[in-house]
Amino acid sequence: MKTEILKLKKEKNAVILAHYYAPSDVQEIADYVGDSFYLAKIAKSIEADIIVFCGVRFMGESAKILNSNKKVLVPNLTADCPMAHMVAEGKIAEMRRQYDDLAVVCYINSTAELKCQSDVCVTSSNAVRIVKALENKNIFFIPDKNLGSFVAKQVPEKNIIINDGFCPVHAKITAEQIAKEKEKHPDALVLTHPECEKEVLDISDFIGSTAEIISYAGSAAEKEFIICTEEGVSCRLIGDNPDKKFFFPESCPCCTDMKLNSLKTVLDVLRNEANEITVDEEICRRAMLPLDKMLELAR
Ligand code: 13P
Ligand code: SF4
């Protein structure tokens, strides 16, 4: 399958993008592997005719919005992020009525429709920097309550109103599970994604996006780490650091949507040019504004 994918990729002038949570064999055949921010930047600059995005729906959708002349294919159209939908109908309009100077800050893990109603997008690697850079005092952070609270703690000078969405995968990780791992590996550093619950963030040594966790583990002098994010990052962590040990909480967080990407589904979509992401022209135009603003402010 790998040989066939590489052949088709060349024939059709396609590139494959994969998130760190995609299965390891998919990461291996991808041209670019990274966190959400890196992949959004890459998607915008791609010149090939076809982008195959091995992630979840909002990632393929963002690639289409940022580079709308390209054909964006996803291995499985049902691979979605539940958190992307977790903003109650009418909530944004209600918040805008309450605050004149409100900035709606939208985690990229969101539907295109939510992006259309937002002022700026962020990812887990740039949210603090971008919120700090905004002139607005009042911020409505959607959809993730955990990333929102993490940002609020880092930017106390702003009034950050937090929506109540969450990632069901990261929510499974508990402080008790970390304490158990710490008992077994007392020297291990706890590296955590900001989508985890506050109790987990509070006992972590480092908080960052998937790419930041990978980079931190690579450059740290320590040899053991407890990793509080989806297990797909282990592929890169182990590959880059054969002399280090990585432990996951016993709930072993696994995003079943990300795992819908497989060599077979990549091959199928490349062969048939199936599962194309389409975004209504007007939605595309409006959703591009907060995405472009993110790229500009994060620069
Ligand atoms: P990052 O890619 O920003 O680390 O976010 C993780 C995630 O949950 C993507 O869905
Ligand atoms: Fe969404 Fe969580 Fe899966 Fe990321 S890990 S895609 S936030 S469900």
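Everything numeric in this text was worked out from a predicted model, so none of it was measured. Note that ligands are numbered from 1 as they come in the structure, with each ligand's atoms numbered from 1 the same way.
F246 pairs by the ring pair (Phe, Tyr, Trp, His ring centres under 6.0 Å) definition with F225, not counting sequence neighbours. With sequence neighbours excluded, the residues satisfying ring pair (Phe, Tyr, Trp, His ring centres under 6.0 Å) with Y216 are F206. In this structure, the side-chain hydrogen bond (donor to acceptor under 3.5 Å, both in side chains) partners of N76, at least two apart in sequence or on a different chain, are T78.
In this structure, K245 places its NZ atom where only 12 or fewer heavy-atom neighbours from other residues, nucleotides or ligands lie under 6.0 Å away.
A salt bridge links D202 and K153; the closest N-O separation between the charged side-chain nitrogens and carboxylate oxygens is under 4.0 Å. Ion pair K172/E197 not flagged as a salt bridge, since none of the NZ, NE, NH1 or NH2 atoms sits closer than 4.0 Å to an Asp/Glu carboxylate oxygen. Between K223 and D243, at least one side-chain nitrogen of the basic residue sits less than 4.0 Å from a carboxylate oxygen of the acidic one, meeting the salt-bridge criterion.
The distance from atom CD of E250 to atom NZ of K180, rounded to the nearest 0.5 Å, is 3.5 Å.
Heavy-atom proximity to T210, at under 4.0 Å, picks out these atoms of ligand 1: 1 (P), 2 (O), 4 (O). Applying the 4.0 Å criterion to heavy atoms of H193 picks out, from ligand 1, the atoms 1 (P), 4 (O), 5 (O), 6 (C). Using a 4.0 Å cut-off to heavy atoms of M59, the atoms of ligand 1 that qualify are 9 (C), 10 (O). Interface atoms of ligand 2 facing Y21, defined by a heavy-atom separation under 4.0 Å, are 4 (Fe), 5 (S). The S36 neighbourhood of ligand 1 comprises atoms 1 (P), 2 (O), 3 (O), 5 (O), 9 (C), with distances under 4.0 Å to a heavy atom of that residue.
Annotation: H19 places an N or O atom under 3.5 Å from an N or O atom of ligand 1; distance criterion only.
Under the 4.5 Å side-chain criterion, counting only non-hydrogen atoms from C-beta, D31 is in contact with K9.
Contact annotation for Y107 and ligand 1: only side-chain heavy atoms (C-beta onward) come within less than 4.0 Å of the ligand. Residue-level proximity to ligand 1 for E230 is absent, since no heavy atom of it falls below 4.0 angstrom. When heavy-atom distances to ligand 1 are checked against a 4.0 Å cut-off, Y21 comes that close only through its side chain, counted from C-beta outward. Of the heavy atoms in N109, only side-chain atoms (C-beta onward) come closer than 4.0 Å to ligand 1.
The protein atom (non-hydrogen) at minimum distance from atom 8 (O) of ligand 1 is E195 OE2, 2.9 Å. Remark: minimum distance from atom 3 (O) of ligand 1 to any protein heavy atom is reached at S124 OG, 2.5 Å.
For the residue pair R236 and I214, the shortest heavy atom distance occurs at CG-CG2, 3.7 Å.
For atom 2 (Fe) of ligand 2, the tally of protein N/O/S atoms lying closer than 2.8 Å stands at 1.
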task = Take S36 and T123 through the test side-chain hydrogen bond (donor to acceptor under 3.5 Å, both in side chains) and record every step on the way to the result.
result = CA-CA 7 Å; S36 309; T123 72; over 6 Å; no
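Put simply, the side chain of N67 never gets that close to the backbone of K70: no donor and acceptor are under 3.5 Å apart.
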